[in-house]
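Structure, as structure tokens:
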Amino acid sequence: MNKTKRPAVIAGNWKMNKNRAEAATLITELLPLVKDAGCEVVLCTPYTDLETSLALTEGTGVKIGAENCHWAESGAFTGEISAEMLRELGVQYVIIGHSERRQYFGETDETVAKRLRAALNAGLKGILCVGETLEQREAGITEEVIAIQVKKALAGVTAEELRRVILAYEPVWAIGTGRTATEEQAGEVNGFIRGLLARLYGEAVAERTTIQYGGSMNAKNAAGLLAQPDIDGGLIGGASLKAPDFAAIVAAAGR
Ligand code: PGA
């Protein structure tokens with residue numbers, strides 16, 4: 001495994017946190033801390049913070065992402081935002097299929113695939129989230145669950161398009177719980193995902209694809225997780241809301 005073949009990406013997922021003033025404060029504090037980052041840094045913010053975040057990060061290496069997008073280009077979808085609207089704003093990334101969307105908002109493997117398709121069509125980069133629940137892990141079906149999620153989401157995604165897809169393995173039981181997967185557990189599933197990509201797209205494509213881990217990653221455990229051969233970055237929730245914590249994770253990912 002040669003990690004240098006793929007970019008390390010640390011992405012913050014702010015979820016439904018930070019108003020505009022708070023977003024500005026956080027980004028202003030963060031920018032000097034990550035200016036020499038040895039990895040790609042992405043901040044995925046609520047829609048209402050996107051414009052503020054884009055303005056403050058202009059000309060820096062920090063990229064801005066949204067947390068979801070709809071699959072249609074426009075239309076009667078009250079409350080939704082299209083991938084094209086995000087692109088027009090200057091957003092480069094979008095999280096697709098986060099487990100909170102799957103758990104609380106009826107997201108299915110089918111809607112995840114449609115949203116990823118829309119993101120790719122709009123020229124965005126997708127951070128595709130997959131992960132098993134505690135019940136599924138305990139039933140010994142983690143790999144089956146992950147395989148189905150990955151295959152359904154990537155059906156119809158070409159090898160060329162996959163350059164604009166980051167996968168994020170996020171075990172549902174580790175998200176926001178303070179219960180991180182062990183380095184071995186996380187590394188094992190990330191390795192499984194890479195093997196799956198190799199079967200679907202070939203070794204070379206699998207080797208160049210960034211696969212993150214997410215779920216209670218923090219300043220303390222980041223270095224150990226990121227040292228795993230198949231963990232190429234992180235999707236960070238809680239710890240992305242504090243500049244020093246997030247910056248420490250970015251530093252741990254520097255190559
Ligand atoms: P967490 O969230 O770091 O707070 O566990 C990760 C995520 O949901 O992406």
Side-chain angles (χ1 to χ4, degrees), residues 8-18 22-23 26 30 34 39-47 49-50 53 62-69 91 93-107 112 115-116 119 125-134 136-137 142 145-146 149-150 153 165-183 185-187 189-190 193 210-226 228 231-253:
V9 182
I10 298 293
N13 173 13
W14 289 6
K15 310 193 179 185
M16 197 171 72
N17 294 293
K18 304 289 178 189
E22 291 164 345
L26 175 55
L30 183 65
V34 299
C39 66
E40 175 114 335
V41 180
V42 183
L43 303 177
C44 299
T45 81
Y47 294 130
D49 290 334
L50 289 173
S53 305
V62 175
K63 307 287 193 315
I64 299 301
E67 299 173 12
N68 186 27
C69 69
V91 167
Y93 283 85
V94 60
I95 298 173
I96 302 283
H98 189 277
S99 67
E100 285 149 19
R101 304 278 333 155
R102 296 180 193 251
Q103 246 180 309
Y104 308 132
F105 301 102
E107 196 81 73
V112 167
R115 291 183 205 273
L116 180 62
K125 296 181 184 176
I127 301 178
L128 169 64
C129 301
V130 297
E132 82 288 5
T133 62
L134 188 58
Q136 290 165 335
R137 174 162 283 266
T142 296
V145 170
I146 302 287
Q149 290 176 342
V150 170
V165 178
I166 291 173
L167 284 97
Y169 167 54
E170 296 208 308
V172 178
W173 47 272
I175 293 177
T177 57
R179 185 175 163 187
T180 326
T182 63
E183 293 162 15
Q185 282 173 326
V189 178
N190 276 43
I193 294 172
T210 297
I211 308 178
Q212 297 173 322
Y213 166 78
S216 300
M217 196 191 265
N218 58 39
K220 283 208 184 85
N221 62 26
L225 287 159
L226 293 164
Q228 288 288 317
I231 300 183
D232 308 314
L235 184 55
I236 322 297
S240 73
L241 300 175
K242 292 195 183 110
D245 291 20
F246 189 67
I249 300 172
V250 169

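Quick note: numbers below take in every heavy atom, side chains included, and nothing from hydrogens, waters or symmetry partners. Start at 1 and go down the list; that is how both ligands and their atoms are numbered.
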May I ask you to identify the nearest protein heavy atom to [atom], giving residue, atom name and distance to one decimal place in Å?
| atom | value |
| --- | --- |
| atom 9 (O) of ligand 1 | Glu170 OE2, 2.7 Å |
| atom 3 (O) of ligand 1 | Gly237 N, 2.9 Å |
| atom 4 (O) of ligand 1 | Gly238 N, 2.8 Å |

Where [X] and [Y] come nearest, the two heavy atoms and their spacing:
| X | Y | result |
| --- | --- | --- |
| Val112 | Ile96 | O-CG2, 3.5 Å |
| Ala186 | Leu225 | CB-CD2, 3.9 Å |
| Cys129 | Leu235 | SG-CD2, 3.7 Å |
| Ala8 | Cys39 | O-CB, 3.3 Å |
| Gln136 | Glu132 | OE1-CA, 3.4 Å |

By number and element, which atoms of ligand 1 are closer than 4.0 Å to a non-hydrogen atom of [X]?
| X | answer |
| --- | --- |
| Lys15 | 2 (O), 7 (C), 8 (O) |
| Ser216 | 1 (P), 3 (O), 5 (O) |
| Leu235 | 6 (C), 9 (O) |
| His98 | 7 (C), 8 (O), 9 (O) |
| Gly215 | 5 (O) |
| Gly176 | 1 (P), 4 (O), 5 (O) |

### Query
Are the side chains of Met16 and Glu100 in touch, meaning some heavy atoms are under 4.5 Å apart?
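Of all side-chain heavy-atom pairs linking Glu100 with Met16, none is under 4.5 Å.
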### Query
Does the side chain of Asn221 come within less than 4.5 Å of Asn218's, by heavy atoms?
yes
### Message
Heavy atoms only, cut-off 4.0 Å: how does Ala174 contact ligand 1, side chain, backbone, both, or neither?
### Response
backbone
### Task
Report the part of Asn13 (side chain from C-beta onward, or backbone N, CA, C, O) that has a heavy atom under 4.0 Å from ligand 1; answer both or neither where that applies.
side chain
### Message
So, 4.0 Å and heavy atoms of Gly214: is ligand 1 close enough to count as a contact?
### Response
no
### Message
For the residue pair Glu107 / His98, report whether a side-chain donor-acceptor contact shorter than 3.5 Å exists.
### Response
no
### Query
Can you tell me how far OH of Tyr213 sits from CD1 of Ile236, rounded to the nearest 0.5 angstrom?
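Answer for the CD1-OH pair, Ile236 versus Tyr213, is 9.5 Å.
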### Task
Flag Thr177 as yes when one of its N or O atoms lies below 3.5 Å from any N or O atom of ligand 1, and as no otherwise.
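Not met; the criterion fails.
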### Message
Regarding ligand 1, does Ile175 bring an N or O atom to under 3.5 Å of one of the ligand's N or O atoms?
### Response
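No; every N/O pair is 3.5 Å or more apart.
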